[in-house]
Each structure stands twice: as C-alpha cells, then as structure tokens.
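Below is one structure, written out as structure tokens; the observations come after it.
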Amino acid sequence: MICKATRIALGLWLAAWLGSVPVTAGTVYVASQQAGTLTRVAPGAAGISVGPAPAQAAVGPDGLIYLTHPDRRSVTVVDGRTDAVLRHLAFAGQPFGLAVTPDGASLLVGDWSGDRVVRISALTGAVEGSAAVGRDPAGLVIDRRGRLYVADRESRQISIVDTATMVRIATVPVGVAPFALALSPAEDRLYVANVRSGDLSVIDTQALRTIATVPVGAMPYGVAVSQDGTRILVTNQQAGTMTVLDAAGPQVIANVAVGRYPEGVAIDGGTAYVANWFSDSVSAIDLTRLVETARIPVGEGPRSLVVRTSGGDRS
Amino acid sequence: MRLVTRSAFLALIAGVALAHIAATHGALAHGPTPQKVDQSITIAAKPDAVWAVVGDFAGIGTWHPAVARSEGQGGNASDGRRRVTLKAGGTLDEGLDEWDAAKRTYSYRLSDADLKALPVSSYSATLTVTPDGDGSKVEWIGRFYRGDTGNEPPEDLSDAAGKAAMNRYFGDGLKGLKALVEGKVTP
C-alpha cells in the first residue's frame with residue numbers, strides 16, 4: 001500500500017512531468033504601502049525602504065523591480081539581485097499601474113488622475129510618449145509583442161495601446177470598476193477583475209471582445225493565472241477570500257479564506273501568494289490542495305506582489 | 001529627431017492638460033492610495049444580544065450617537081441599503097455586500113460620497129461581533145480613500161483628515177453601541 005504522502009508526491013511529479021510548461025521557482029516580493037517597503041516574502045525577511053506609499057510593482061526582464069508612488073510623483077527602481085534602491089524617477093502625474101516593455105528599456109506608467117498612460121525611459125524617466133485612455137487607469141499588463149492593456153476603472157473598459165507608437169488601438173467594455181488584469185500564458189485571453197460588479201471578464205485578445213463574465217466574490221481586486229494556464233486566481237477584497245477558477249469554462253472550483261482585504265496575488269510554482277492589505281501579511285496557498293499553508297507577517301499595508309525569476313517576471 | 005520634438009510637444013500639451021485635470025478632477029473619484037480605519041470595543045453582553053442590536057443593517061440610528069436617522073431598503077439581503085442622515089449634516093448612502101447572521105458579521109460600502117458627512121471619497125467596511133470571555137468584542141474596520149484623491153489635497157480632504165473622521169465615526173458608534181447594550185445610556 002502506498003502511503004498518502006507518496007501518492008501526493010507521485011502525483012505532483014507526474015503533474016510536473018506531464019505539464020508542457022516547466023514550473024520554475026522565483027523570488028516573491030511584496031510592496032507595502034503604509035510601511036513604504038519592498039520585502040521578500042520569507043519568514044523574518046527585512047523590508048527594503050523604498051520611500052512613502054508604494055502602490056504597484058513590476059519586474060523587468062533584467063530582474064529590476066519598479067514601484068509607483070502615486071502621492072510622491074515618482075517611480076522607484078530596485079535591483080532585485082542586491083536589494084539596493086538604485087534611483088527614483090520623477091513622474092509628472094499620479095503614477096499607479098506599471099508595466100515593463102519586453103526589452104526592459106521602457107516603463108508604461110498609468111497616470112491615475114491624468115487619464116493617460118505614459119511611456120518613460122526605465123533608465124532616466126524621460127518621457128518617450130503618451131496615450132490618452134479612460135478615466136482612472138488602474139491595472140496595466142503588457143504582452144510579449146508590446147501591446148498594453150489598461151483597466152480604465154471609472155470608464156468600465158479596457159484600453160488597448162500599441163506601445164511602439166503609443167496609439168490606443170481599441171477599447172473593450174467590461175464590468176463595473178475594472179482594476180486588476182492578467183494575461184494567460186499563451187496571451188490569447190485577458191482576465192479582468194471588476195471591483196464593483198464583483199465579476200471576472202474574459203477577453204479574447206485576438207477578437208478584442210469579452211467572451212465570458214463570471215461572478216466571483218465581493219470586490220475582486222487581484223487576478224493571476226497559473227503557469228500552465230489552467231487556473232485563474234481572483235482575490236476578493238470585501239469577502240476575504242481567493243477564488244480559484246478552472247480556466248476551461250471558466251468556472252469557480254473553490255474559495256479559499258485568506259486575510260483581511262486581500263489585494264495582489266501572484267503565483268510561483270505550485271504556490272499562490274496573496275497580499276492581505278488590512279492584516280499586514282501574505283498568505284501562501286497550496287494550489288494542489290487549495291488550502292492556506294502559511295501566513296507571513298510583512299510591512300504594513302501590503303498591496304502588490306511580483307515574482308522575480310532568472311528568465312523574466314510574472315505578477 | 002522628429003520623434004523627440006513630437007514627444008516634447010506632447011509632454012508640453014500633457015503638462016498643460018494635467019494642470020487643468022488636477023484642478024478639476026472630481027474629488028469624488030476613487031483614489032490610488034487607500035487608508036485603514038480600525039476600531040473595536042468590548043461589551044459586557046453575549047454576542048447574540050449585541051448582534052440583536054447591531055445586526056440590523058438599517059438600524060444604525062438606534063445605537064450610533066452621531067446618526068439622526070437611518071432609512072433602510074431591501075432589509076439585510078446582500079443588496080440591502082441604508083440611507084444614514086447624520087446629526088451634523090450630510091447623508092451616507094450605503095449598500096450591503098455580505099450579511100451573515102451565523103458569523104455575526106456584515107460588509108458594506110459607500111455608494112456616493114458626501115464630503116459634508118465624512119471627508120472621504122469612498123469606503124468599504126466590515127462589522128463583526130465575536131465572543132470575548134463572558135462578553136463580546138465588536139470590530140468595525142474599513143478601507144477608505146481621502147476626500148480629494150489628487151496629489152495636493154486641501155488639509156480638510158487629506159489622508160489625515162479622513163483618518164481622523166473615520167476613526168471618530170467608527171469609535172463613537174461603538175461607544176454608543178456599548179452604552180445602549182449595557183443599558184447605561186440611551187443615545
């Protein structure tokens with residue numbers, strides 16, 4: 001008789017072996033707004049002081065980590081290898097959402113109250129171009145071709161911007177108050193968490209239209225997709241849960257209780273990490289068993305999570 | 001060179017537009033940097049007795065000393081609403097997200113800001129009653145955005161002003177609840 005642990009281990013090995021996408025391990029970071037820190041998610045890890053009120057984080061292909069400070073008009077650059085703060089880039093606006101171009105040379109920065117997205121030099125912060133989008137641009141995500149998706153929170157739409165020309169090429173209507181975005185690994189689907197309508201929009205990125213809308217929990221604020229593309233995770237801020245969806249459908253398969261006011265969510269290998277903004281902690285969730293396995297204390301007000309790998313970034 | 005010139009021109013236009021937007025962007029918009037409100041109190045009464053008073057979403061007028069009156073709509077269903085008129089002026093139009101009697105908790109959020117009532121642009125909140133020894137503990141927590149979500153908010157619409165007002169409103173409410181349930185004062 002095979003014991004349960006062996007069966008689970010065998011199952012995990014089989015799943016890893018059968019999966020077409022290798023499961024890589026990276027370093028998970030969380031940005032804490034109230035503490036003004038960027039912290040590696042590990043027991044006892046010290047936070048890196050990055051300046052007041054970081055909101056969103058993104059990682060470049062070279063392992064550099066960027067953070068927006070909406071109230072300080074700046075973007076902080078941290079070297080993920082050494083944890084050193086390299087520089088603060090001035091930004092003329094209220095920087096919030098953030099994405100790094102595939103070559104790592106430029107940043108796309110959403111200007112929250114300016115209703116635009118600005119392309120700046122990742123090195124100097126110099127403005128390279130700008131595109132008007134809808135009201136209160138929130139989450140930003142960029143694909144491998146350099147096409148940017150912007151959640152226009154108060155316009156109930158996604159703006160799609162060609163970042164080479166900084167021209168908005170399309171808008172797609174979604175639910176009420178879209179906030180967080182995530183692309184499938186194949187980049188054929190964009191998942192949109194709509195805060196006020198409490199649902200997830202699924203956009204076909206070829207046809208540029210919404211093909212499904214799935215109710216999740218109250219006030220969804222974060223979304224992530226597993227590396228094999230089969231699972232979608234959504235954090236529900238008002239419900240204190242993380243919804244797990246089967247991407248085929250998509251349909252809800254579980255709700256996992258996490259801390260209070262969960263926001264950012266990221267996946268590293270077989271583990272999901274959720275930033276519990278009110279609880280000042282990060283939940284680790286085993287994606288096979290769909291249970292919370294650890295709650296790691298971090299600096300006050302954790303919001304945004306990123307994963308730094310040697311091969312690139314995910315958030 | 002042409003691109004640089006065009007970028008510079010666009011930056012100039014954007015700068016002018018930004019100055020305009022900063023001055024006119026609605027103070028009622030949801031902002032980028034949320035703040036916490038966190039209040040709790042212990043009450044010398046069983047959780048069921050406390051829940052019997054505080055659990056009725058639209059019944060806040062019976063226990064909150066700052067509330068002049070509260071009108072409900074839709075009961076305690078997940079789309080229930082209350083319109084709370086404050087003694088000091090202003091109204092709070094709030095809707096339930098979740099209401100769970102078994103767990104003695106409810107979560108709700110503000111629909112439209114009224115800066116006269118509270119100097120904040122939006123909030124969501126949760127009230128929970130739990131056992132605490134022989135009595136109860138009531139936690140009232142929330143997430144809010146300052147009254148002016150732009151980069152240079154006036155002092156009365158800043159994060160600090162929002163924090164002070166929200167903590168006072170939640171704290172005074174819990175004191176009123178405690179006094180009512182413990183039978184010491186009628187608000």
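Chain naming here is simple, since letters A, B, ... match the order of the sequence lines and numbering starts at 1 in each.
In this structure, A:Q94 and B:G150 approach most closely via the heavy-atom pair NE2-C, 3.7 Å. Shortest non-hydrogen contact noted between B:T33 and A:R303 is CA-NH1, 4.1 Å. The heavy-atom pair separating B:P32 from A:A55 by the smallest distance is O-CB, 4.5 Å. The two residues A:Q33 and B:P34 come nearest to each other via the heavy atoms NE2-O, 2.8 Å.
The neighbour count for B:Q73 CD, taken as heavy atoms of other residues, nucleotides or ligands under 6.0 Å away, does not exceed 12. Atom CZ of A:R156 sits in a sparse spot, with 12 or fewer heavy atoms from other residues, nucleotides or ligands closer than 6.0 Å. Environment of CZ in B:R104: crowded, with over 12 heavy atoms of neighbouring residues, nucleotides or ligands closer than 6.0 Å. Open room surrounds CZ on B:R83; 12 or fewer heavy atoms of other groups in view lie less than 6.0 Å from it.
Both the backbone and the side chain of B:Q35 come within less than 4.5 Å of a heavy atom of chain A. In this structure, no portion of A:A132 lies under 4.5 Å from any heavy atom of chain B. Using a 4.5 Å cut-off between heavy atoms, B:P153 makes no contact with chain A at all. Contacts of B:N151 with chain A are made by both backbone and side-chain atoms, with heavy-atom separations under 4.5 Å. Contacts of B:D159 with chain A are made by side-chain atoms alone, with heavy-atom separations under 4.5 Å and no backbone atom involved. Interface remark: A:Q56 contributes no atoms to any contact with chain B (heavy atom separation under 4.5 Å).
Of the inter-residue distances, the one linking B:D148 atom CG with A:S113 atom OG reads 9.0 Å to the nearest 0.5 angstrom. The structure places CG of A:D71 at 4.0 Å from CZ of B:R146, a figure rounded to the nearest 0.5 Å.
Because its NZ or CZ atom is both nearer than 6.0 Å to the ring centre of A:Y221 and within 45° of the ring axis, B:R143 counts as a cation-pi partner of that residue.
Residues that satisfy the ring pair (Phe, Tyr, Trp, His ring centres under 6.0 Å) test with A:F278, not counting sequence neighbours, are A:Y261.
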CA sep, side-chain torsions, deciding dist, call: B:D38, A:R260, salt bridge (charged side-chain N to carboxylate O under 4.0 Å, His left out): CA-CA 12 Å; B:D38 186 3; A:R260 286 171 160 175; 5.6 Å; no

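The closest donor-acceptor contact from the side chain of A:Q238 to the backbone of B:Y108 lies under 3.5 Å. The main-chain N or O of A:Q34 is never found under 3.5 Å from a side-chain atom of B:K36 such that the two would form a donor-acceptor pair.
For the set B:A125, B:S78, B:S124, B:S107, the entry with the most heavy-atom pairs within less than 4.5 Å of chain A is B:S124.
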